[in-house]
Amino acid sequence: GDSVTQMEGPVTLSEEAFLTINCTYTATGYPSLFWYVQYPGEGLQLLLKATKADDKGSNKGFEATYRKETTSFHLEKGSVQVSDSAVYFCALEAYSGGGADGLTFGKGTHLIIQP
Amino acid sequence: DSGVTQTPKHLITATGQRVTLRCSPRSGDLSVYWYQQSLDQGLQFLIQYYNGEERAKGNILERFSAQQFPDLHSELNLSSLELGDSALYFCASSVAPGAGAYEQYFGPGTRLTVT
């Protein structure tokens, strides 16, 4: 079945450091790929998405590129802030004969940014 | 605030009991999804409804059922509860199902504790 693998952390960085959170996937066909963020006590929010190979999703300084050849969708940010501290989930949306199914999530990466 | 509401926020019940979780989607959204977040299994897709009809099923147990009503709100029924059903249950909504084109907006979740 479909699956998403990401580093679980926690990942601890200093403010203004460069961030990479790795994400790889297994899916049949051509899934759409997403990064969601969950702040403490809240639901998930969509951070960015890419729907086809070589697409780059970007939002709030975060970027990720859909790499079909390496089945990856790594999340990057050039300079993190304390307010970026949260749990980040990589996810895919696969398609069956009847259309799109629900999201398949990775385990989540807990990111801690220290001042 | 995503516009998706879930009630109750917290629920504590005993093993063997039955509970109902309620979700109201964002205004205009026809599709509702249910997800379970637990420490063991992570975030898992349970079931999806579109305009009152079941659209896709994920890892939903036979003891669980759901429905979407004509006013588009949805209920998730969990019966014969076990300790392992303790989790955060999220509802999400979107304009229409999938294809990566329609963002899923997540509610704040219902935390279920089975004692």
Side-chain angles (χ1 to χ4, degrees), chain A residues 1-9 23 25 27 29-53 55-57 59 64 66 68 73 86-110, chain B residues 1-6 9-10 23-26 30-51 53-60 66 74 76 87-111:
Chain A
D2 302 327
S3 66
V4 175
T5 302
Q6 64 179 108
M7 51 204 294
E8 289 185 38
C23 170
Y25 68 90
Y30 303 97
S32 293
L33 301 174
F34 306 84
W35 277 100
Y36 278 83
V37 58
Q38 185 177 29
Y39 298 101
E42 296 185 15
L44 282 79
Q45 299 172 31
L46 179 64
L47 182 59
L48 53 85
K49 71 177 185 183
T51 57
K52 61 183 189 297
D55 266 3
K56 179 189 278 190
N59 186 24
Y66 189 144
K68 189 166 179 297
F73 193 54
V87 181
Y88 291 80
F89 292 90
C90 186
L92 67 82
E93 185 175 43
Y95 306 93
S96 59
D101 298 329
L103 294 165
T104 298
F105 286 92
K107 294 281 194 187
T109 300
H110 187 193
Chain B
D1 184 353
S2 66
V4 178
T5 60
Q6 290 187 247
K9 258 183 104 91
H10 302 277
C23 167
S24 292
R26 288 188 328 148
L30 300 180
S31 201
V32 167
Y33 309 76
W34 286 98
Y35 293 88
Q36 179 195 59
Q37 186 178 33
S38 65
L39 285 174
D40 294 344
Q41 304 290 330
L43 256 170
Q44 288 196 100
F45 165 65
L46 295 179
I47 196 163
Q48 176 195 155
Y49 281 82
Y50 174 61
N51 208 16
E53 300 288 324
E54 184 185 300
R55 186 78 169 62
K57 249 181 177 173
N59 296 322
I60 189 165
S74 178
L76 179 66
L88 197 46
Y89 291 84
F90 286 109
C91 169
S93 73
S94 66
V95 170
Y102 305 111
E103 178 177 345
Q104 290 187 33
Y105 293 85
F106 281 76
T110 292
R111 183 167 294 283

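Only heavy atoms go into these numbers, but all of them, side chains included; no hydrogens, no water, no symmetry mates. Naming: A, B, ... by sequence-line order, numbering from 1 per chain.
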Residue from B:Val4, B:Leu43, B:Leu88 scoring the most non-hydrogen pairs under 4.5 Å with chain A is B:Leu43
Validation row, ring centre B:Phe90 to ring centre B:Tyr33 under 6.0 Å
no
What heavy-atom pair brings A:Tyr66 and A:Thr51 nearest, and what distance separates the two atoms?
CE1-C, 4.0 Å
Please give me the minimum heavy-atom distance between B:Phe106 and B:Ser2, naming the atom from each residue.
O-OG, 2.7 Å
Can you tell me which portion of B:Gln104 sits under 4.5 Å from chain A's heavy atoms? Options are side chain, backbone, both or neither.
both
Can you tell which of B:Lys57, B:Gln37, B:Arg111 has the highest number of heavy-atom pairs within less than 4.5 Å of chain A?
B:Gln37
Measure distances from A:Gln45 to the heavy atoms of chain B and classify the residue's part below 4.5 Å as side chain, backbone, both or neither.
neither
cation_pi(B:Arg26, B:Tyr105) dist<6.0 Å, angle<=45:
yes
